[in-house]
Amino acid sequence: MEKPAHALEGASWDARGFYALSNRDTGNVPVRLFLTPSLLGDVDDEVYRQIINATRFPGTKLVVITPDVHAGYGVPVGSVILTDAATGAIAMGPVGYDIGCGMISARSNVPAQEATPEKRRVFNQAVMHRVEMGTGSRSRRLQNLTKIEFEQLVRGGAPAFTALFGSVFDRSRCERNLLPVDSEWQIPWGEPGTPERGINQIGSLGAGNHFMELQHCLQTGTLFAQVHTGSRGFGHGLATNYLRLAGAGDLGFFTPDSPHYRGYVNAVSAGANYAIINRLVLFEAVSEAFAEVFSEKLEIVYEISHNLVQRETHPEFGDVWVHRKGATRAFPAGHPALAATPWESTGHPILIPGSNFDRSYILRALPGAVNSAFSVNHGSGRRLSRTWASKHLNVRQIEKDYRTAGVRVNVDDRVPIDESGPCYKPASEVIDCVVRAGLAQVEYELKPLASLKGKD
DNA sequence: ATGTGC
């Protein structure tokens with residue numbers, strides 16, 4: 001029997017640097033796929049179905065697919081969906097359950113050679129002393145918050161955190177440090193999603209692909225550190241609640257005439273504020289641990305979310321909601337939204353983690369990013385399913401590989417197998433793809449030295 | 001991602 005035609009054979013190469021798809025399946029909505037021929041061939045039926053799902057929200061103007069694309073809930077992880085802000089939908093699946101999930105990256109002047117294998121372990125120990133990791137992990141630094149204090153934080157973002165706890169950090173080095181929440185909006189306490197879980201979790205890592213990492217920057221020869229985490233049980237509870245209110249499974253959405261439209265906009269802001277504060281609390285803990293071991297402070301490079309919907313003006317598509325699900329904003333120099341920020345003439349840093357056995361990257365957007373709705377990938381992209389990896393990968397061999405490479409994991413060097421290097425595509429492949437498409441250029445390459453991961 | 005599943 002003949003092999004059925006690949007669903008994306010109808011995609012045509014566009015000289016601007018992407019595969020273009022627009023047909024009956026997409027309802028003539030343009031889809032731009034930033035993939036190499038090999039990555040295009042890897043798109044399976046499930047991801048194709050989810051790409052089609054992504055075109056079906058009311059008022060969708062464009063769908064962008066990033067090279068780390070893989071199946072998500074309803075729509076792919078690694079997708080960007082632009083909907084008309086005046087009349088179109090705002091959708092939950094295209095943000096995901098981990099509202100505001102993202103990265104913070106920091107640098108130092110400490111020569112990487114100072115991080116001996118023993119010091120890497122001591123650093124991990126110092127971080128683990130300060131931060132709880134894994135499913136259900138709770139805060140060690142913000143204990144016994146009252147509901148009033150918690151509400152002040154998620155309504156007031158990073159400035160409220162500073163006001164309440166006197167933390168000092170350079171908030172100009174954040175994508176957003178406060179997303180506005182309407183005072184009339186009420187947090188859906190007690191609803192089935194139980195967002196109250198989040199109260200005791202603000203300042204904890206979580207599980208899955210979340211991590212903290214000590215890195216060697218190849219360009220500066222110095223130590224860097226990174227944190228990847230999100231909105232924990234709080235964002236999950238909000239997403240669950242609004243998906244339930246929409247009553248359409250993973251593909252639920254609200255249009256401006258819905259009574260829940262503003263509610264979900266507010267929920268995204270509150271979830272994002274939580275995630276930003278969570279990253280800053282963890283960064284402070286990592287920074288303290290770093291100072292203890294390396295006698296120097298870390299300096300924030302940037303903080304950015306890759307699961308968010310934000311209102312943006314696009315030169316071609318106008319006033320739109322930009323849903324980025326596992327996709328990173330990429331504003332180049334001169335983008336109007338960067339006016340009067342430190343990034344006005346350079347573009348903002350783009351933080352792209354690799355696996356804990358592979359490189360992470362910091363990029364800068366180029367003018368060509370207009371073609372991808374100012375977005376790039378958010379990671380390497382999963383290659384092996386968690387269940388397949390847990391069943392088939394050789395744990396002993398992988399732990400030996402980590403020891404040989406000098407990557408220390410937690411304090412016991414036990415590698416979470418469904419998060420190990422082989423589970424992810426090579427980072428260089430997805431980075432080459434966005435570089436060749438003219439979306440961004442590489443600023444820093446970061447090699448993992450010490451990795452902190454929670455357990456499911 | 002998630003007090004992860006009938």
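Heavy-atom basis, side chains included; hydrogens, waters and symmetry copies ignored. To find a chain, count down the sequence lines: A is the first, B the second, and so on, and within it residues start at 1.
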Exercise for review: Whole angstrom is fine here: how far is it from CD in A/Glu419 over to P in B/dT4?
Suggested key: 18 Å

Exercise for review: Indicate, with a heavy-atom threshold strictly under 4.0 Å, whether A/Arg138 touches base, sugar-phosphate, or nothing.
Suggested key: nothing

Exercise for review: Check every strand shown and say whether A/Gly208 touches a base, only sugar-phosphate, or nothing at a heavy-atom separation below 4.0 Å.
Suggested key: sugar-phosphate

**Study point:** Separation of atom OH in A/Tyr97 from atom P in B/dT2, rounded to whole Å
**Key:** 13 Å

Review point. Has the side chain of A/Thr135 got a donor or acceptor atom sitting under 3.5 Å from an opposite partner on the base of B/dT2?
Key: no

Check your understanding: How long is the line joining CZ of A/Arg386 and P of B/dT2, in whole Å?
Key -> 10 Å

Review point. Would A/Arg382 count as a cation-pi partner of A/Tyr424, with NZ or CZ less than 6.0 Å from the six-membered ring centre and within 45° of the ring normal?
Key: yes

Check your understanding: Within this structure, what is the CD1-to-P distance between A/Ile199 and B/dT2, rounded to whole angstrom?
Key -> 17 Å

Check your understanding: What closest approach, in Å, do A/Gly233 and A/Gln201 show between heavy atoms, and which atom pair accounts for it?
Key -> N-OE1, 2.8 Å

Point to revise | Whole-Å gap separating P (B/dT2) and CG (A/Leu205) | key: 9 Å

Check your understanding: Reckon A/Asp456 touches a base, only the sugar-phosphate, or nothing at all at heavy-atom distances under 4.0 Å?
Key -> base

Check your understanding: What nucleic acid atoms does A/Thr240 come within less than 4.0 Å of, heavy atoms only: base, sugar-phosphate, or nothing?
Key -> nothing

Review point. Base, sugar-phosphate, or nothing: which does A/Ser231 touch, judged by heavy atoms less than 4.0 Å apart?
Key: nothing

Practice item. Could you tell me whether A/Ala207 contacts a base, only the sugar-phosphate backbone, or nothing, with contacts defined as non-hydrogen atoms closer than 4.0 Å? Key: sugar-phosphate

**Study point:** Atom pair distance, as rounded to whole Å: OH in A/Tyr73 and P in B/dT4
**Key:** 13 Å

Exercise for review: Nearest whole angstrom, please: distance from the P of B/dT4 to the NZ of A/Lys455.
Suggested key: 18 Å

Practice item. Classify the nucleic acid contact of A/Glu196 as base, sugar-phosphate or nothing, counting any heavy atom under 4.0 Å across all strands shown. Key: nothing

**Study point:** Nucleotide B/dT2, atom P - distance to CD1 of A/Ile202 in whole Å
**Key:** 14 Å

Check your understanding: Can the ring centroids of A/His314 and A/Phe374 be said to lie less than 6.0 angstrom from one another?
Key -> yes

Review point. What about the rings of A/His378 and A/His228, do their centers lie closer together than 6.0 Å?
Key: no

Review point. In terms of the angle between their ring planes, are A/Phe161 and A/Phe165 parallel, tilted or perpendicular, with boundaries placed at 30° and 60°?
Key: tilted

